[in-house]
Protein chains: 2
Amino acid sequence: MTESILIVEDEISLQETLAYSLKKEGYAVEVIGDGRSALESARKMRPDLIILDIMLPEMDGFEVGRILRKEMSAAILMLTARDDEIDRVVGLEVGADDYLTKPFSMRELLARVKAQLRRTRLLREEMRQTGISEPKHETLKFENLTVNLTRREVTLNDEPIQLKPKEYELLLFFAEHKGQMLSREFVLERVWGWDFIGDSRTVDVHIRWLRQKIEKDAANPVRIVTVRGGGYRFEG
Amino acid sequence: MTESILIVEDEISLQETLAYSLKKEGYAVEVIGDGRSALESARKMRPDLIILDIMLPEMDGFEVGRILRKEMSAAILMLTARDDEIDRVVGLEVGADDYLTKPFSMRELLARVKAQLRRTRLLREEMRQTGISEPKHETLKFENLTVNLTRREVTLNDEPIQLKPKEYELLLFFAEHKGQMLSREFVLERVWGWDFIGDSRTVDVHIRWLRQKIEKDAANPVRIVTVRGGGYRFEG
DNA sequence: TGATTTTGTTAAGGTTATGTTAATGACAGG
DNA sequence: CCTGTCATTAACATAACCTTAACAAAATCA
């Protein structure tokens, strides 16, 4: 399996240098010149790594990174021109996995690319060994509770129940992680989006509403139990 | 639990700068000055990230990195003096996750540390991810005692037992260091956090509670034995 | 043995985490 | 522009928890 890399860079000469060097290393390379097209390409291509310049026409690298980070697990390596962009790049705003400050040597870039892909590969292998990735089921069933993905509908005792959008997403997320303790932070990152800024207690309130709708006795929940000091756990 | 970093660096001034900055960021930091001791420290400490200089007395960074890479999953960030060492560092020989070429700014180091730990965290969470049908749970087992990381649950004779948050974290820490004598101070630093201010006897009290819950006879403990003048040791 | 240090044990008090409700403000659709 | 729905936050209530201090017991030392 050859690994694929998407280069998002508008400077033609750099485009060519990068593409040439990476291809020579055996990667499948695609190049795109502006931010907006980058989104499309990435969605189609599902690359293993994205090399992303900050200065871009149409939509800057911050924004592109922010969006792609949410949508896929590809490693993101950002190219910055200025030192003071580092914090935004690696910090909460984008959450890039690595960065390079211009000017950089090709050797340096190749080294970082290699390191990132190495990590991704390890991750994938682990996931395969533990049998994690699998196709999404049409509906998830738990005794008298079902979550229908295609209809986006939840039933209790075969009766559809009315959930607010966030409640549905939350329940779905818990349902997909049955038996797993989920911290508020993890839930926020995955359901609300990694860039959510706000109080983690928000989760509590939504849990409360969910409980009222899916628990027999909301005051003594058995489906979504709280793990004090940790988070919550869906028991099915 | 706070994330821990092992710094392997012989230059005193750099040691201090690194340790100071990283502690200020909230990490538990330990420093060691030569290659051979680094191995011991790393085995005991089980850090989340290792900052490893190449130039070291006793045993150079290449060798240390090569060995540790095999033994643990900690991220390795190497400090190189020369550009032409990059290939050896990141390539097959060591397999470091990242590197910095001296001289580097503290901001740059912090950014890379943050990015690495973020990845590690994500990777662990992914690994713990259950998938839809039957969860693959990461579990530590000791005869009739199990610690389930995924569920954040402890069972004794297959029956879940109720642990308070600190008790759970404490037991987990001991379980991860089976057979090792752990001083109160070390336990405090890693379980309570390096910035905990207070009496180390606090540990005793929690140990007591743990014993009541996991020992057959709490008055004559065999799982968590006390090492007089030293600390405690988990025997499994 | 008697003195001293270390650890065991317990309970009280302050602290923190979670449950719960309501108010606020954002947003979409009419 | 109004109306209704929803997400978020603040605020308060309650329950669980952690730390400390104090004394007891055990081990160590002189």
Side-chain angles (χ1 to χ4, degrees), chain A residues 152 154 161-174 181-193 195-234, chain B residues 1-2 152 154 161-174 181-193 195-234:
Chain A
R152 194 173 229 262
V154 175
I161 60 177
Q162 203 73 25
L163 293 190
K164 291 180 276 187
K166 269 274 148 56
E167 288 171 7
Y168 174 81
E169 289 185 44
L170 190 59
L171 176 57
L172 176 57
F173 186 64
F174 272 91
M181 189 278 279
L182 303 171
S183 73
R184 291 172 177 72
E185 288 67 32
F186 190 50
V187 171
L188 278 180
E189 184 176 320
R190 300 292 283 263
V191 176
W192 270 255
D195 55 346
F196 174 83
I197 297 175
D199 196 339
S200 73
R201 294 297 309 281
T202 299
V203 177
D204 299 30
V205 178
H206 285 268
I207 292 282
R208 151 85 172 137
W209 292 337
L210 256 186
R211 280 174 170 164
Q212 283 202 311
K213 296 181 180 177
I214 68 171
E215 297 277 2
K216 193 170 294 184
D217 175 13
N220 297 88
V222 293
R223 301 208 111 119
I224 302 181
V225 300
T226 124
V227 182
R228 191 157 248 265
Y232 298 95
R233 186 174 56 220
F234 180 68
Chain B
M1 206 197 294
T2 76
R152 184 180 249 247
V154 174
I161 59 178
Q162 204 70 31
L163 294 190
K164 290 179 279 190
K166 272 272 149 55
E167 289 171 5
Y168 173 83
E169 290 185 35
L170 190 58
L171 175 57
L172 176 57
F173 187 63
F174 272 91
M181 189 269 272
L182 303 172
S183 74
R184 291 171 178 73
E185 287 67 33
F186 188 51
V187 170
L188 278 180
E189 176 177 320
R190 294 294 287 273
V191 177
W192 270 255
D195 55 348
F196 174 82
I197 299 174
D199 196 340
S200 72
R201 295 297 310 281
T202 299
V203 176
D204 299 30
V205 177
H206 285 268
I207 292 282
R208 150 82 173 142
W209 291 336
L210 254 188
R211 281 173 169 164
Q212 282 204 311
K213 294 180 180 178
I214 67 171
E215 298 276 3
K216 193 170 293 182
D217 175 13
N220 298 87
V222 294
R223 301 207 112 120
I224 301 180
V225 300
T226 122
V227 183
R228 185 157 250 261
Y232 297 94
R233 187 176 55 229
F234 180 68

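Residue numbers start from 1 in every chain, and the chains themselves are labelled A, B, ... in the order their sequence lines are given, proteins ahead of strands.
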Colleague: Distances under 3.5 Å only, N/O to N/O: pair up the protein atoms with those of nucleotides 19-26 of chain D.
Modeller:
from, atom 1, to, atom 2, distance (Å)
D:dT19, OP1, B:Trp192, NE1, 2.9
D:dT19, OP2, B:Trp192, NE1, 2.8
D:dT19, OP2, B:His206, NE2, 3.2
D:dT20, OP2, B:Asp199, N, 3.1
D:dT20, OP2, B:Thr202, OG1, 3.1

Colleague: Once you round it to whole Å, what is the distance between C1' of D:dC18 and CG of B:Leu163?
Modeller: 15 Å
Colleague: Could you give the CD-to-P distance, from B:Glu169 to C:dA17, as a whole number of Å?
Modeller: 11 Å
Colleague: Please list all pairs passing the ring pair (Phe, Tyr, Trp, His ring centres under 6.0 Å) test where one or both residues lie in residues 199-225 of chain B, with sequence neighbours left out.
Modeller: B:Trp192-B:His206, B:His206-B:Trp209
Colleague: Between atom CD of B:Glu167 and atom CD1 of B:Ile207, what is the distance when rounded to the nearest 0.5 Å?
Modeller: 10.0 Å
Colleague: OP1 or OP2 of D:dC6 sitting under 4.0 Å from any side-chain N/O of A:Tyr168?
Modeller: no
Colleague: Once side chain to side chain contact (heavy atoms under 4.5 Å, CB included) is applied, do any residues pair with B:Arg223, and if so which ones, sequence neighbours excluded?
Modeller: B:Phe142, B:Glu143, B:Asn144, B:Leu145, B:Leu156, B:Ile214, B:Glu215, B:Phe234
Colleague: For A:Glu215 and C:dG19, what is the distance between atoms CD and P respectively, to the nearest whole Å?
Modeller: 11 Å
Colleague: Measuring to OP1 and OP2 of C:dT18, would you say a side-chain N or O of A:Arg184 lies under 4.0 angstrom away?
Modeller: yes
Colleague: Mind checking B:Val203 for me? I need base, sugar-phosphate or nothing, with any heavy atom below 4.0 Å counting as a touch.
Modeller: nothing
Colleague: Taking for each residue the nucleotide of DNA chain C bearing the nearest heavy atom, is the 5' side occupied by B:Gln212 or by B:Asp204?
Modeller: B:Asp204
Colleague: Would the distance check show the side chain of B:Arg211 and the main-chain N or O of B:Ile224 forming a donor-acceptor pair, the cut-off being under 3.5 Å?
Modeller: yes
Colleague: Could I get the full list of side-chain hydrogen bond (donor to acceptor under 3.5 Å, both in side chains) partners for A:Arg184, not counting sequence neighbours?
Modeller: A:Asp204, A:Tyr232
Colleague: Can you tell me how far P of D:dT8 sits from CD of A:Glu167, to the nearest Å?
Modeller: 12 Å
Colleague: The criterion is side chain to side chain contact (heavy atoms under 4.5 Å, CB included); which residues satisfy it with B:Asp217, sequence neighbours excluded?
Modeller: B:Ala219, B:Asn220
Colleague: Just jot down the side chain to side chain contact (heavy atoms under 4.5 Å, CB included) partners of A:Arg228, sequence neighbours excluded, or say none.
Modeller: B:Pro165
Colleague: I need the NZ-C1' distance between B:Lys164 and C:dT18, as an integer number of Å.
Modeller: 17 Å
Colleague: Send over the distance from B:Ile207 CD1 to C:dT6 C1', rounded to a whole Å.
Modeller: 15 Å
Colleague: Please give, in whole Å, the distance from C:dG19 P to A:Asn220 CG?
Modeller: 12 Å
